[in-house]
Structure formats: structure tokens, C-alpha cells
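What follows is one structure encoded as C-alpha cells, with my remarks underneath.
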Amino acid sequence: MESENPTPVRYHLVDFDHLPAVCCPCGISQRALANLADYPATLHRTEITTEAKAHYHQRLTETYYILECEPGAQIELDGQSVPVKPGMCIVIRPGCVHRGLGRMKILNFVLPKFDPSDEFLVDG
């Protein structure tokens, strides 16, 4: 008798409400898709707090999509403060020192996959 091969699964579901939360320079992040070997990026849901620390990446490009934020929230990019509001998107290239100013919730698309060894805090 011949064994049938099941149809390959061509999708992957993620429920961010069931992902562990980890501390990061921005605040608290839930990171998805790191375990998919054939997918080139990770996607993070991040709660940026008022204590966000300035940092940069040497290899990673981050794309922030603002889901929600408090009035007056900003993103600091290489020393320049940029006002943000829900629905905005910011591409942060390698080497750009960045941090959130004010509370916000974002989706962060990281390419290539997030690597904690490529996260560098900036003093002051």
C-alpha cells in the first residue's frame, strides 16, 4: 500500500497574546517568526515605555508601524525628534540611533531576523 504525502502547509499563524514578553531597550517586546527557517525576518509587537533607551543596530533594518500612542509621542532618529501618530511607518536603517519618546505600541518588522547581539545601547 502506498503512503500518501499530506499537503504541505503554506502558512504560519501567530497569536501574539500567547508569546512570551521580553525586556528590550524600548520596553517590552513579543517576538514572532524567529523559528521559521525559511522566513527571512521577525515581527515584534512592542510596548514602548517612557524609559526607552537610545540604541542602534549594525546589521538590522527595523520598520516600525505605529499602532497606538499617547498624544505628543515621538521617535528620536539620529538626534532628531519626529512626531508620530497611529498609522505611521518608519524605516530605521542600520547605524541609526533611535528610541521612542512617549508611550506607544508598535509592530516592528526586523530584517534580517532579530539578533540580540546586534543591539547596541548609546550612553547619554
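Computed from a prediction, not measured in an experiment: that's the story for all the values here.
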Checking the side chain of Asp78 only, and the main-chain atoms of Val97 only, is there a donor and an acceptor separated by less than 3.5 Å?
yes
Can you tell if the side chain of Ser81 reaches within under 4.5 Å of the side chain of Leu101, non-hydrogen atoms only?
yes
Do other residues, nucleotides or ligands put more than 12 heavy atoms under 6.0 Å from Lys53 NZ?
no
Only counting residues at least two apart or in another chain, list the ones meeting salt bridge (Lys or Arg N to Asp or Glu O under 4.0 Å) with Glu62.
none
Can you confirm whether Leu43 sits close enough to Val14 that some side-chain heavy atom of one is under 4.5 Å from a side-chain heavy atom of the other?
no
The reported gap from CD in Glu51 to CZ in Arg103 (rounded to nearest 0.5 angstrom) is 6.5 Å
To the nearest 0.5 Å, how far apart are OG1 in Thr63 and CZ in Arg93?
8.5 Å
Contact between Arg45 and Leu107 at the side-chain level, heavy atoms closer than 4.5 Å - yes or no?
yes
Of all heavy-atom pairs between Ala21 and Ile28, which one has the smallest distance, and what is that distance?
CB-CG2, 3.4 Å
Do Thr61 and Pro94 touch side chain to side chain, with heavy atoms closer than 4.5 Å?
yes
Check: Ile90 and Val84 side chains under 4.5 Å, non-hydrogen atoms
yes
Below 4.5 Å, heavy atoms only, C-beta onward: do Glu119 and Leu60 meet side chain to side chain?
no
Pair Thr46, Lys105 - check side chain to side chain contact (heavy atoms under 4.5 Å, CB included), show working.
CA-CA 6 Å; Thr46 302; Lys105 185 182 288 187; over 6 Å; no
Looking at CD of Glu68 and CD1 of Ile106, how far apart are the two atoms once the value is rounded to the nearest 0.5 Å?
11.5 Å
Ignoring hydrogens and geometry, is there a side-chain-to-backbone donor-acceptor pair from Gln30 to Leu19 under 3.5 Å?
yes
Which pairs pass ring-ring contact (aromatic ring centres under 6.0 Å, His included) with one or both residues in residues 31-57, sequence neighbours excluded?
His44-Phe114, His55-His57, His55-His98, Tyr56-Phe120, His57-His98
Taking every non-hydrogen atom, the tightest pair across Ala52 and Gly100:
CB-O, 3.5 Å
Starting at CD1 of Ile75, measure out to CD1 of Ile48 and round the result to the nearest 0.5 Å.
4.5 Å
Tell me the closest heavy-atom pair linking Met104 and Ala73, and the distance in Å.
CE-CB, 3.8 Å
Find out if a path of hydrophobic residues (ILVMFWY) with successive side-chain heavy-atom gaps under 4.5 Å connects Val82 to Ile92.
yes
Taking all atoms of both residues into account, what is the closest heavy-atom pair of Phe16 and Ala32, and its distance?
CZ-CB, 3.8 Å
Do Lys113 and Asp118 sit within salt-bridge range, that is, some charged N less than 4.0 Å from a carboxylate O?
no
Heavy-atom neighbours of Gln80 CD exceed 12 at 6.0 Å:
no
Taking side chain as C-beta onward, heavy atoms only, is Thr42 less than 4.5 Å from Arg31?
no
Tell me, please, which residues at least two apart from Arg59 pass salt bridge (Lys or Arg N to Asp or Glu O under 4.0 Å).
Asp115
